[in-house]
Each structure stands twice: as C-alpha cells, then as structure tokens.
Amino acid sequence: MTGVEHEVRDHVSYLTLNRPETLNALTPALRDRVVDLLAEASADPSVRAVLLTGTGRGFCAGADLRSGADSPSPRIPGDVARTLRTGAQRLIAAVLDCEKPVIAAVNGTAAGLGAHLALACDLVLAAESARFVEVFVRRGLVPDAGGAYLLPRLTGLQRAKELMFFGDALSAPEAERLGLVNRALPERELAKTARDWATRLATGPTRALALTKHLLNSSLDSDRPAAFAAEAWAQEINLTTQDAGEGLRAFAERRGPEFLGR
C-alpha cells in the first residue's frame, strides 16, 4: 500500500495522494512512488499532462516525520545531506524535470515539503479553504525540498523571507495575490477546473510544451546569451515535430489544429 492512487485517462496521468488520516504526509515509500510515477509520465508518449491532488482535508502535510525511516540512528556526517538529495530534493526535481505539464490541485493544507511540492508544479489551482504553511521555522528547522530556491522566484526575496521566518499560514486567496497559485477557487469548482485544465493541456502540442517548460524553468538561472541560445535550439528541435507541422498547416488552412503530442 503506497498511499497514492494512479490512473491514466484521456492522456492525463492522475496522481492522488491518499493518506487522509495524516493529511497525506509523505512516507519515503510514498515519496519514491510519486517520483517513479512522474518519471513514467515523462517518458510515456501516451501521457500528455499530469494532475496531482490529495484526498481529505489536506493536499500534503509534508514529510511523515513519525515514520522515522529518514532519520537513521546513529547518524554520521553526510547522512542528512544524502537523505535530502535522494529524498525531498529528488521529488521536487521530478516535478520540475517532468517533460509533461504538471498541475497541482491543492484541496487542503500544503505544509513544508507539501507546500514545495505544490509550488514546483507548472500550474497551481487551490481551493479557497486551502492553506500554505512554511512550517520549518516552527520546528526549529531550515527549509528543505528546494523551498529557498522556489519561493523567492515566485514571490520575491522579501516576501519569501517573511513567509519562511514566521511560518504563518497563508490562505489560498492571499497565495493567489502573491503569485504562488494561478487560481483560488470555491472548493466545489476545484476538481472540475483542474480536470478541464489537464484535458486542455493533454490536447496541446506536447513537445512544444515540454520545451517551453524547460525554457521558462531555466530562464531565471541563465544570462541573456544562454537564454537566447536555448531558445534557438528549442525552436530548432520543435520544428522537427509533427505537431509543429500540423500547427502551421492549420494556420494556413484557417482551421483549428489537431495535435497528436509528437
């Protein structure tokens, strides 16, 4: 029992965290299963979008610290860094590096690693009742799971410091105002909107979306010459795809394109 439900439907890979009794806190096994499913979605040409959500009152309450599996004893120097690299950081990288667009439908509390899991996604929808919590400072901990990398890029440096220094819960409407989420929605509309967005992405030009995701994710870490070079190569690669040819033909023929994802 891994605690995640998975199905592929209409070219969308649906991943639903299912440990509602723990607000979907991530055990090492559950975390690794999500990593594997994201890798499978990235490599599977029949999958063209990913939708990640949770069951119950929580999206994800972070790492399940009660499991104890990520806290070897006795601990030697290097254990913590290794655990982070192969655990929480590997999960966030799996989202960022997935070649398919990943949507988070945040149905409830997203705390710690759970908040960063949502924020690593390409598009974030949240129920108005959802909350985002940089909980680390409350436990006397340094943020992990790429939070200090992700948050300033979304909110700016001063806001990121405020959120991480105080650890106050941030409501979904406030998160939308700060640019952390795309939409804060009434709870009854969250699932439908997320499915609609995923379905729309799954009918898009999948390879063009993958290259666009790469350009955007790398843009803040590169200078202008490197960004322009990456853009040129992305154009070069994309113009060899069937979808690019279809898009240009559809424009010339004044009709809607029918993209196949290749």
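Both backbone and side-chain heavy atoms feed into the values below; hydrogens, waters and symmetry mates do not.
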| said: Between R207 and E99, does any side-chain N to carboxylate O distance fall below 4.0 Å? | reply: yes

| Would you call E246-R255 a salt bridge at under 4.0 Å N-O? |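 A salt bridge is present here (some side-chain N lies under 4.0 Å from a carboxylate O).
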
| task | Report yes if the distance between the aromatic ring centroids of H116 and F136 is under 6.0 Å, otherwise no. | result | yes

| field | Partner of R90 under salt bridge (charged side-chain N to carboxylate O under 4.0 Å, His left out), chosen from D144, D97, D32 | value |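 When salt bridge (charged side-chain N to carboxylate O under 4.0 Å, His left out) is applied between R90 and each of D144, D97, D32, only D32 qualifies.
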
| field | Criterion side-chain contact (heavy atoms from CB on, under 4.5 Å) on V12 and V47, from CA distance to verdict | value | CA-CA 6 Å; V12 177; V47 173; over 6 Å; no

| field | Trace of the salt bridge (Lys or Arg N to Asp or Glu O under 4.0 Å) decision for R33 with D36 | value | CA-CA 5 Å; R33 178 60 176 155; D36 290 343; 5.2 Å; no

| said: Tell me whether the NZ or CZ atom of R254 lies within the 45° cone about the ring axis of F251 and under 6.0 Å from its centre. | reply: no

| remark: Minimal heavy-atom distance between L23 and G58, with the atoms involved, is CD2-N, 3.8 Å

| query | Looking at G167 and V133, what are the two nearest heavy atoms and their distance? | reply | O-CG1, 3.6 Å

| request: Using distance alone, with no hydrogens and no angle criterion, decide if H6 and S13 have a side-chain donor and acceptor under 3.5 Å apart. | output: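 Yes, S13 and H6 have a side-chain donor paired with an acceptor closer than 3.5 Å.
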
| said: Would you say W197 ends up clustered with L185 if hydrophobic residues are merged whenever their side chains have heavy atoms under 4.5 Å apart, either directly or through other cluster members? | reply: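 Yes, because L185 and W197 connect within a single hydrophobic cluster, where side-chain heavy atoms sit under 4.5 Å apart.
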
| task | Before giving the answer on salt bridge (Lys or Arg N to Asp or Glu O under 4.0 Å), spell out for R177 and E174 the whole-Å C-alpha distance, their side-chain angles and the decisive distance to 0.1 Å. | result | CA-CA 5 Å; R177 190 182 71 80; E174 181 68 3; 2.7 Å; yes

| message | One pair to check against side-chain contact (heavy atoms from CB on, under 4.5 Å): L180 and V124. What are the steps and the verdict? | response | CA-CA 8 Å; L180 288 172; V124 185; over 6 Å; no

| said: Checking D196 against R200 for the salt bridge (Lys or Arg N to Asp or Glu O under 4.0 Å) test, could you report, in this order, the C-alpha distance in whole Å, the side-chain angles of both residues, the deciding distance, and whether it holds? | reply: CA-CA 6 Å; D196 288 347; R200 185 175 177 183; over 6 Å; no

| request: Working to the nearest 0.5 Å, report the span between OG1 of T206 and CZ of F259. | output: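 CZ of F259 is found 9.5 Å from OG1 of T206.
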
| query | Is H214 atom NE2 crowded by more than 12 heavy atoms from other residues, nucleotides or ligands, each under 6.0 Å away? | reply |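 Atom NE2 in H214 is not crowded, with 12 or fewer foreign heavy atoms closer than 6.0 Å.
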
